[in-house]
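Quick note: numbers below take in every heavy atom, side chains included, and nothing from hydrogens, waters or symmetry partners.
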Amino acid sequence: MLGVVSVLTIDLDAVIALIPGTPPELPFSPFVMKLVSLIQPTVLLTIAVAAGVALSPRVGLHAPASEAVSSGDSVLAALKPQIVPGVIAGIVCGILLILLWIIAKPLLPADFAARAEAFNRIVPTALRIFYGGFTEELLIRWGLMTFFVWLPFRIFRKGLGEPPAGYFIAAIATSALLFGVGHLGVAIALSDKLTAVTAIFVIFANTLFAVIAGLLYWKKGLESAFIAHITAHLIIVGMMFLSG
């Protein structure tokens with residue numbers, strides 16, 4: 001919920017100013033609009049957390065540190081194996097995303113590229129860490145990916161035994177693609193007209209990260225995906241700071 005509440009830190013006026021064309025008229029003040037915008041992610045987050053809690057034990061997926069809290073075991077012992085893989089994956093993803101932007105930027109519409117860079121600079125670090133690092137991982141990995149593993153396992157295997165690796169791979173790919181497509185909304189808002197190159201770049205870049213986060217959740221635990229997501233954002237923020 002800290003991630004949901006962190007939406008309040010964004011400068012909505014600055015975001016609206018980046019939208020091409022005539023700025024839309026808001027029916028309420030920007031602060032009220034931000035409060036209203038908390039409703040949808042709160043509902044979705046509640047569903048995702050409930051789904052993950054109910055279904056993850058049935059398919060062998062884990063949030064080891066959180067499970068340690070609930071069972072009274074050592075949180076550090078549960079978290080320690082996840083830290084290094086999460087940090088390394090986050091650094092690699094952060095660098096890859098920066099390189100992808102450098103490669104794709106000359107191919108993208110100039111106006112969109114300029115707005116996208118401006119948008120990235122006004123996204124608060126708190127929003128990146130709490131919403132991106134925690135809320136999005138709970139929504140996509142803990143909720144959606146877990147459900148996508150459980151559903152075919154329940155249908156085709158009656159929930160007996162252990163899910164085959166292919167179920168996890170398919171769930172990672174499907175949830176990652178939905179994560180990538182989910183970022184098209186911002187791209188559409190920042191574009192005069194969404195081009196095929198822009199859509200492919202946005203979907204591919206975000207899907208790439210989501211696949212790696214999904215693999216971490218499967219093999220190491222949910223908290224390693226948290227760590228990777230946060231680290232990747234910090235790498236991007238650091239690069240923007242260094243580039244002025």
Side-chain angles (χ1 to χ4, degrees), residues 1-6 9 45 48-49 52 56 60-71 73-104 120-121 123-146 149 165 168-169 171-173 175-180 182-183 201-243:
M1 283 305 299
L2 282 175
V4 174
V5 174
S6 70
T9 64
L45 181 62
V49 169
S56 62
L61 289 170
H62 296 280
S66 301
E67 291 167 16
V69 171
S70 65
S71 63
D73 295 331
S74 171
V75 175
L76 182 59
L79 189 61
K80 191 174 180 180
Q82 302 184 76
I83 295 174
V84 172
V87 170
I88 291 175
I91 292 172
V92 170
C93 285
I95 293 172
L96 279 176
L97 291 173
I98 292 168
L99 290 176
L100 282 173
W101 175 253
I102 293 172
I103 293 169
N120 264 291
R121 291 185 182 279
V123 174
T125 302
L127 184 65
R128 293 176 179 273
I129 292 175
F130 292 109
Y131 192 88
F134 293 102
T135 304
E136 284 187 341
E137 290 303 317
L138 288 169
L139 289 168
I140 305 300
R141 250 61 67 184
W142 185 243
L144 206 57
M145 178 181 149
T146 302
V149 176
F168 290 96
I169 294 170
I172 290 170
S175 59
L177 183 59
L178 289 174
F179 180 77
H183 283 76
F201 166 72
V202 171
I203 293 173
F204 177 76
N206 286 285
T207 299
L208 176 64
F209 168 78
V211 166
I212 294 173
L215 289 170
L216 285 171
Y217 173 35
W218 177 24
K219 294 297 185 180
K220 296 297 180 181
L222 181 65
E223 290 87 7
S224 63
F226 289 166
I227 294 168
H229 207 142
I230 293 168
T231 303
H233 272 300
L234 292 177
I235 293 293
I236 293 170
V237 169
M239 180 58 66
M240 287 191 298
F241 176 80
L242 292 174
S243 65

Inset, instruction - Identify the heavy atoms of F179 and N206 that sit nearest to each other, and give their distance. - result: CD2-O, 3.4 Å
Legend entry - Rounded distance (nearest 0.5 Å) linking atom CD1 of I169 with atom CG of L215: 8.0 Å
Inset, instruction - Work out which heavy atom in V49 is nearest to a heavy atom in W142; give both atom names and the distance. - result: O-NE1, 3.4 Å
Inset, instruction - State, with a plain yes or no, whether a side-chain heavy atom of I230 is found less than 4.5 Å away from one of F134. - result: yes
Inset, instruction - Taking all heavy atoms of A65 and all of L79, pick out the closest pair and write down the distance. - result: CB-CD1, 4.2 Å
Legend entry - L139 vs L144 side-chain heavy atoms within contact, under 4.5 Å: no
Inset, instruction - Determine the minimum heavy-atom distance between G133 and E137, stating which atoms define it. - result: O-CG, 3.4 Å
Inset, instruction - Evaluate the side-chain proximity of S66 to E223: yes if any heavy-atom separation is below 4.5 Å, no if none is. - result: yes
Legend entry - Distance, nearest 0.5 Å, that separates CD of Q82 from OG of S224: 5.0 Å
Legend entry - Flag side-chain contact, heavy atom, 4.5 Å: F201 against L100: yes
Inset, instruction - Kindly compute the distance separating CZ (F130) from OG1 (T125), expressed to the nearest 0.5 Å. - result: 10.5 Å
Legend entry - Separation between CD1 of I172 and NZ of K219, rounded to the nearest 0.5 Å: 8.5 Å
Legend entry - side-chain contact (heavy atoms from CB on, under 4.5 Å) between L177 and F204, intermediate numbers included: CA-CA 8 Å; L177 183 59; F204 177 76; over 6 Å; no
Legend entry - Ring centers of H229, F209 separated by less than 6.0 Å: yes
Legend entry - Heavy-atom pair with the smallest gap, counting every atom of L222 and R141: CD1-CB, 4.0 Å
Inset, instruction - To the nearest 0.5 angstrom, please state how far the CE atom of M239 sits from the CG atom of L234. - result: 13.0 Å
Legend entry - Stepwise side-chain contact (heavy atoms from CB on, under 4.5 Å) check, I129 with H233: CA-CA 7 Å; I129 292 175; H233 272 300; 5.6 Å; no
Inset, instruction - Locate the shortest heavy-atom distance separating G180 from T207; write the atom from each residue and the value. - result: CA-OG1, 3.6 Å
Inset, instruction - Apply the test side-chain contact (heavy atoms from CB on, under 4.5 Å) to residues W218 and L61: give CA-CA distance (whole Å), side-chain angles for both, the deciding distance (0.1 Å), then the verdict. - result: CA-CA 6 Å; W218 177 24; L61 289 170; 4.2 Å; yes
Legend entry - Reported CG-to-CD1 distance for the pair L178 and I203, which is rounded to 0.5 angstrom: 10.5 Å
Inset, instruction - Check whether any side-chain heavy atom of N120 lies under 4.5 Å from a side-chain heavy atom of R128, and answer yes or no. - result: yes
Legend entry - Under the side chain to side chain donor-acceptor pair (under 3.5 Å) test, residues paired with S56 that sit two or more places apart: none
Inset, instruction - Taking side chain to side chain donor-acceptor pair (under 3.5 Å) as the test, write out the residues that go with T146, two or more places apart. - result: Y217
Side-chain donor-acceptor pairs under 3.5 Å in residues 85-98, sequence neighbours left out?
none

Legend entry - Trace of the side-chain contact (heavy atoms from CB on, under 4.5 Å) decision for L45 with M1: CA-CA 8 Å; L45 181 62; M1 283 305 299; 3.8 Å; yes
